[in-house]
Every structure is written in structure tokens, then in C-alpha cells.
Amino acid sequence: MATAGRLVSRLAVVTGGGSGIGRAVCQRLASEGASVVVADINEASANETLESLPGDLRGQAHMAAAANVASKESVKSLLTSIQARYFQPPSVCVNAAGITLDNFLLDMEEDDFDKVVQVNLKGSFLVIQAVANALVACGATKGSIITLGSIVGKVGNIGQVNYAASKSGVQGLTMTAAKELSRFGIRCNCVLPGFISTPMTDAVPEKVISKMKALIPLRRMGEATEVADVCAFLASDDSRYVTGASLEVTGGLFMG
Ligand code: NAD
């Protein structure tokens with residue numbers, strides 16, 4: 001499929017753009033011609049991503065912004081700074097900000113449960129709501145919102161009761177947003193990665209990784225770029241009849 005220039009003149013915001021999957025998404029969207037807003041709670045890593053981006057085909061500038069998706073105020077000022085710079089809201093929004101704070105159910109601290117839900121689930125809600133409101137207010141006729149769920153939200157995972165709950169929530173949030181926003185031409189889809197090599201999975205013990213690899217039909221972990229490729233498809237008009245979908249990018253792990 002020819003994809004170069006597929007996203008020319010699109011403005012995209014990518015949360016969690018400072019690392020791993022979010023960074024790969026920023027690079028992929030920019031390489032297809034989008035102007036990209038790299039948003040991350042870690043401003044230094046957002047700036048590093050910004051420096052790695054290829055110029056888009058029209059020579060428009062990308063930008064980096066410090067933003068905490070779990071804070072309504074912070075999300076509001078992110079949208080304000082985007083609109084001040086580009087005079088339009090982003091028509092592509094990829095929610096890749098996420099955290100893990102793993103522990104067994106019997107030992108999980110309430111605070112660690114809350115923190116993961118605040119960032120992964122509430123953060124996706126706040127960003128989607130702000131972007132959708134801005135698109136509707138300016139009379140936009142199309143948009144593509146992409147969330148990062150996880151295969152773990154579908155099948156559960158030992159030691160990740162908070163994370164699995166947050167990611168199941170992200171899927172429900174995305175499907176509901178898809179139903180409510182379709183009348184504005186805004187599509188919403190959820191990507192469910194399996195085990196992808198990023199700083200997030202660097203923390204997983206080697207023993208667990210090798211057990212997982214044995215269960216993956218394609219017999220390897222995924223690359224962040226392989227998730228980014230799917231996000232770019234969902235951002236583009238190539239997926240114009242796809243909304244409310246959950247797309248697994250797992251090498252076949254836990255299919256069916
Ligand atoms: P990562 O840790 O490499 O990157 C996550 C980024 O999110 C970091 O740059 C971090 O600073 C940022 N972030 C954290 N809290 C934030 C906040 N409150 N506001 C704004 N930014 C914040 O992780 P990753 O592996 O690239 O994961 C990206 C997304 O994909 C996450 O939602 C994750 O849950 C999901 N995912 C990852 C995998 C995997 O195997 N790596 C699997 C399934 C789902």
C-alpha cells in the first residue's frame with residue numbers, strides 16, 4: 001500500500017509521545033506528512049521525539065508540549081496551546097500515555113490502583129473529550145481518535161489487576177465514543193498491543209518474556225513501529241469505514 005503523504009495537512013496530537021509506542025507513532029505520522037504535537041508528562045523526552053521527526057511535506061512545524069493527561073487543567077492548556085499555534089484542533093488524536101504499577105491483587109495498594117486508572121483510563125477520557133469538543137466547536141467534519149488498550153484488558157494478566165481494569169475500560173470508552181461521535185464524522189478505534197519492546201516492557205523479567213514468546217504464534221515480541229503502522233492506518237482515510245473497532249497487534253497471542 002502506498003502510504004507516503006497519506007496524512008498531509010492533518011494535525012495530530014500524540015500523548016505519551018516521548019517514549020516507546022507514542023514516539024514511534026509520532027515518527028510514523030510525521031513521515032506520512034502530518035504535523036505532529038508530541039505531548040508527554042516528561043518534557044525532555046517529548047523534545048527528544050520532536051528533534052527526531054522528519055519535516056512534513058508542506059514544511060509545517062511540529063511541536064512538543066508538556067502535558068499530564070490525568071489533569072483536566074493540563075489537558076485544557078494543551079488544547080489551548082495547540083489551537084494558538086495551528087489555529088485548529090487536531091483531527092488525529094493518539095492516546096499512548098500509559099503507566100504500569102504491577103502487583104498481585106492480594107497486595108495491591110489502593111493508591112497504585114487509582115494512579116493507573118487515573119492515567120490510563122481517565123487520561124484517555126479527558127483527552128478524547130477535549131479533542132472532540134474542540135472538533136465539534138469548530139465544525140470539523142472528520143476526525144480519527146485512537147486509543148491504546150492492551151490485549152491484557154481482554155484476557156487479564158497475573159500481577160496487573162489495575163492495568164487490566166484500566167485497559168478494559170479504555171476499550172469500553174472507545175466504543176462508546178465511537179457511537180456518540182460518529183454523527184460528527186469522528187471515528188474512534190482502539191489498538192490492543194500484545195508484548196511490544198519498549199521501556200515499559202524493559203521492566204518485565206526475562207523469565208516472563210521468554211515464557212510469553214513461547215506462547216506467541218509469531219514467536220517474538222513486537223516492535224513499537226509495528227504498532228505505529230496500525231495507528232497510521234487508523235488515522236488515515238484508508239480506514240474510513242472502521243470505527244468502534246479493537247485491533248489486536250499481538251503476533252497472534254491470545255487470539256480468538
Ligand atoms: P512507555 O513507558 O515507553 O511510554 C509511555 C509514555 O507515557 C512515557 O513517555 C511517559 O512519560 C508517558 N506518560 C506517562 N504518564 C503520563 C501522563 N500522566 N501524562 C502524559 N504522558 C504520560 O510505554 P509504551 O510501551 O510505549 O506504551 C504506550 C501505550 O501502549 C501505553 O498506553 C501502554 O499501556 C500501551 N501498551 C503497551 C504495551 C507494550 O508491550 N509495551 C502493550 C500493550 C499496551
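Start at 1 and go down the list; that is how both ligands and their atoms are numbered.
- In this view, Ile41 and Asn68 satisfy the side-chain contact (heavy atoms from CB on, under 4.5 Å) rule, not counting sequence neighbours.
- Applying the side chain to side chain donor-acceptor pair (under 3.5 Å) test to residues at least two apart or on different chains, the pairs with a partner in residues 153-177 are Asp102-Gln160, Asn120-Ser166, Thr147-Thr174, Lys154-Glu248, Asn157-Gln160, Gln171-Ser246.
- Residues Ser239 and Arg187 have side chains that bring a donor and an acceptor to within less than 3.5 angstrom of each other.
- Here the shortest heavy-atom pairing between Leu78 and Ser81 reads O-OG, 2.9 Å.
- When hydrophobic side chains of Ile, Leu, Val, Met, Phe, Trp and Tyr are connected at separations under 4.5 Å, Leu106 ends up as a singleton with no cluster partners.
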Can you produce the list of protein nitrogen or oxygen atoms under 3.5 Å from a nitrogen or oxygen of ligand 1, alongside each distance?
| residue | atom | partner | partner atom | Å |
| --- | --- | --- | --- | --- |
| ligand 1 | 3 (O) | Ser19 | OG | 2.6 |
| ligand 1 | 9 (O) | Asp40 | OD1 | 3.4 |
| ligand 1 | 9 (O) | Asp40 | OD2 | 2.6 |
| ligand 1 | 11 (O) | Asp40 | OD1 | 2.6 |
| ligand 1 | 18 (N) | Asn68 | OD1 | 2.8 |
| ligand 1 | 19 (N) | Ala67 | O | 3.4 |
| ligand 1 | 19 (N) | Val69 | N | 3.0 |
| ligand 1 | 21 (N) | Ile41 | N | 3.3 |
| ligand 1 | 25 (O) | Thr198 | OG1 | 2.5 |
| ligand 1 | 26 (O) | Ile21 | N | 2.7 |
| ligand 1 | 32 (O) | Ala96 | O | 3.4 |
| ligand 1 | 32 (O) | Lys167 | NZ | 2.9 |
| ligand 1 | 34 (O) | Tyr163 | OH | 2.6 |
| ligand 1 | 34 (O) | Lys167 | NZ | 3.0 |
| ligand 1 | 36 (N) | Tyr163 | OH | 3.4 |
| ligand 1 | 40 (O) | Gly194 | O | 3.3 |
| ligand 1 | 40 (O) | Ile196 | N | 2.9 |
| ligand 1 | 40 (O) | Ile196 | O | 3.3 |
| ligand 1 | 41 (N) | Ile196 | O | 3.3 |
| ligand 1 | 41 (N) | Thr198 | OG1 | 3.2 |

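- No salt bridge links Asp114 with Lys122; every basic N to acidic carboxylate O contact stays at or beyond 4.0 Å.
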